[in-house]
Amino acid sequence: MTEKEPIPQASNFIRAIVEKDLENGVYKTRKWAGTPGDAAHHAVGKPDHEKIRTRFPPEPNGYLHIGHAKSIFLNFGLARDYNGVCHMRFDDTNPEKESQEYVDSITEMVQWLGFGWNKGGENSLYYASDYFDFMYHAAESLIEHGNSYVDSQTADEMRINRGTLTEAGKDSPYRNRTIAENLTLFREMRDGKHADGSMVLRAKIDMKSPNINMRDPAIYRIKRAHHHNTGDKWCIYPMYTFAHPVEDALEQITHSICTLEFEDQRPFYDWLLERLAEAGLLAHPLPKQYEFARLNLTYVVLSKRKLIQLVEDKHVSGWDDPRLPTLAGARRRGYVAEGFKLFTDRIGVSKADSWIEYTILEDCMREILNDTASRKIAVLDPIKLIIDNYPANQVEDCFAPNHPQKPELGKRVVPLSRELWIEREDFEENPPKGFFRLMPDGMVRLRYGYVVKCIGFEKDTNGKVTTVHCEYLPDTKSGTPGSDAIKVKGNIHWVSAMHAYECEVRLYDRLFKDPHPGSGDKDFLDDINPNSVTTITAQLEPSLKDAKPEDHFQFERHGYFVADRKDCVAGKPVFNRTVTLRDAWQK
Ligand code: ATP
Ligand code: MG
């Protein structure tokens, strides 16, 4: 590569492979016809000006989770940084659990993370099910070249004859069917002449291979199922291990990046593509598969199967429940796309499985939100504070900075009046040593306002404090010359009771109480944290009434909050706690 562009991000082993391939001109002869297709289709295409092609290939059988974000930033990030294209591909070859709802949420989330699939006039949004015709054709070609056969063993017989890690497999009694017989049977499978599960098409490789995946893997099965894209056209469907390499090749993918559990599938990936290329069906150079370590994150589960269980069994309110590690849930919780970018940069890409601490993700969100969220005042557990010597009908303006590190963002008015809300924990009748906030006869500054002195308090019949009485010192207002005349150690936040916006705030905690839910012999459901959400009625500064869905704020001293994107009625927003200011879980 001559005009090498600066690569902005930390390098990783996959980037190193891409750079080497580009340097060695591995893809120089590659052509691209503008749409996916076989060798003949691409042969008349243009030399592919884009240098690499990657893909993000989710199966639309669930919502994307935080693990997918790693794959999205990796694949789309490579394409962006090496002047390539990343295909958004729905791997929808399994009819059973797929639906349009999932397709829609996946496209929404990839775009939310900042990526798209329209580049240079090319729309690279693809559906693997569009390749069913080619896949069928490719399967017949394998039969014609003696590379596959129809097996009529039962599932049990097949399992037994597959052998084990230490024992070689045994050839199926149907392995030597003639090409003509196999073609006839495979066509009958397609035409619905055989029952579901009565036979499969298998690649003919080596039942004694030390790699079990090479012991004649099944590549097509009979399954009478309605498909969300192709309807009832097919009653046979390709297996994932067959479909995926073919999809990559038709799309001229250069680097097919997947998680480590597919490492043992790589020999079959290469075997299959080479057979189809020999038969003239696929264009060279063929795609290559590379594996990286999947993201494992403490305190969450990143498996669609488990997430589906949490949703279907109603442990959470839905796919976008703010406690779920789905991207839809994280977004509603108030996590931001920039935070995920920072996170994926920080954890890197490696070839060794490991666990990432959930706090790393939270720290990334804090870092971004600290920079971008405007500051607001919120009283989450309110008690009254009455300034007895303040005129009952008087209201005056106090000025609070919108962002302490960004004076250019200015200040906003917060009204002060005789009756305020303060935090219950900011008053102590019998203060412990070192308590600097409000106590009988003590003095404290009302942040952005006056110094007040406590002159009494009231309790309800249960002994809970309901009201604190104070007197204010008129010359001590923040920002006036007298503000320094009296030094006090404590500084508490407040909102004016007659101006406050009273509303619902949801305080979220972790959904699981164990860092590795379901570890050992446990059921992961037994590790659910029973107190993962607390709904409170809070008193907020009046300007928060104008918050729009997905506006982010720092509630001073409390953490980062977001206006819920679903339950916000205009003029009546409710708020979700995204993350506390500091990690409350670290001991
Ligand atoms: P799950 O195991 O949760 O069902 P999956 O791998 O079956 O996930 P797909 O829809 O097939 O889900 O995944 C799309 C892409 O996202 C794949 O390329 C896969 O490798 C990647 N991916 C899935 N989970 C993770 C993860 N935890 N970390 C990194 N990448 C992941
Ligand atoms: Mg999968």
Side-chain angles (χ1 to χ4, degrees), residues 12-14 53-79 86-94 96-99 101-107 109-110 113 115 125-129 228 239-241 243-245 247-248 251 253 255-266 269 287-312 319 324-330 340-341 343-356 358 360-361 516-518 524:
N12 60 51
F13 81 98
I14 291 180
R53 284 182 186 269
T54 56
R55 85 285 173 269
F56 174 62
E59 187 179 348
N61 61 351
Y63 278 61
L64 295 182
H65 54 60
I66 298 173
H68 291 114
K70 178 173 177 180
S71 177
I72 291 168
F73 279 103
L74 177 58
N75 283 296
F76 281 95
L78 282 171
C86 179
H87 296 193
M88 174 70 229
R89 179 204 304 154
F90 286 101
D91 206 335
D92 59 350
T93 54
N94 177 0
E96 284 151 310
K97 291 170 184 151
E98 300 171 356
S99 80
E101 177 196 352
Y102 298 139
V103 170
D104 293 342
S105 76
I106 291 168
T107 40
M109 284 303 119
V110 175
L113 288 178
F115 298 104
L125 174 65
Y126 301 116
Y127 290 85
S129 56
H228 77 104
M239 305 298 285
Y240 178 84
T241 46
H244 200 84
E247 295 158 22
D248 285 344
E251 293 179 19
I253 298 303
H255 301 81
S256 174
I257 300 159
C258 62
T259 44
L260 280 178
E261 64 269 26
F262 292 98
E263 195 166 6
D264 291 343
Q265 296 283 0
R266 186 165 10 107
Y269 185 105
K288 290 276 175 216
Q289 174 182 305
Y290 302 94
E291 307 87 19
F292 72 105
R294 65 185 291 117
L295 172 67
N296 298 308
L297 198 57
T298 57
Y299 293 105
V300 297
V301 291
L302 297 181
S303 137
K304 278 189 231 162
R305 184 181 57 76
K306 290 179 180 165
L307 293 171
I308 286 172
Q309 206 177 334
L310 289 169
V311 173
E312 285 183 350
W319 282 106
L324 276 187
T326 53
L327 293 178
F340 281 112
K341 180 176 188 314
F343 175 67
T344 50
D345 284 350
R346 200 161 279 176
I347 61 175
V349 178
S350 87
K351 252 192 125 51
D353 266 320
S354 67
W355 283 85
I356 302 291
Y358 196 78
I360 296 181
L361 177 62
H516 306 107
F524 79 102

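One-based numbering, in listed order, for ligands and for the atoms of each. What you are looking at is a predicted structure, and each value in this text was computed from that prediction instead of being measured. Because only heavy atoms are used, hydrogens play no part in the values below, and waters and symmetry mates are left out as well, while side chains stay in.
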What's the spacing between R55 CZ and D91 CG if we round to 0.5 Å? 8.5 Å
One should read off an interatomic distance between R89 CZ and D248 CG, to the nearest 0.5 angstrom, of 4.5 Å
For ligand 1, find out whether one of its N or O atoms is nearer than 3.5 Å to an N or O atom of L295. yes
Would you say ligand 1 has an N or O under 3.5 Å from any N or O of N61? no
Parallel, tilted or perpendicular: rings of F115 and F73 (30°, 60°): perpendicular
Ligand 1 atoms in contact with [X] (distance to a heavy atom under 4.0 Å):
{"X": "H68", "result": "8 (O), 9 (P), 10 (O), 12 (O), 13 (O), 14 (C), 15 (C), 16 (O), 22 (N), 23 (C)"}
{"X": "S303", "result": "3 (O)"}
{"X": "F292", "result": "29 (C), 30 (N)"}

Please list, chain by chain and in numerical order, all residues satisfying side chain to side chain contact (heavy atoms under 4.5 Å, CB included) with S105, sequence neighbours excluded. Y63
For S303, what residues pass the side chain to side chain contact (heavy atoms under 4.5 Å, CB included) criterion, not counting sequence neighbours? R305, K306
For atom 12 (O) of ligand 1, which of E59, K304, K306 has the closest heavy atom? K304
Could a heavy atom of F56 be found less than 4.0 Å from some atom of ligand 1? yes
Under 4.0 Å between heavy atoms, the region of R305 that gets near ligand 1 turns out to be neither
E101 side chain to S99 side chain, donor-acceptor N/O pair below 3.5 angstrom: no
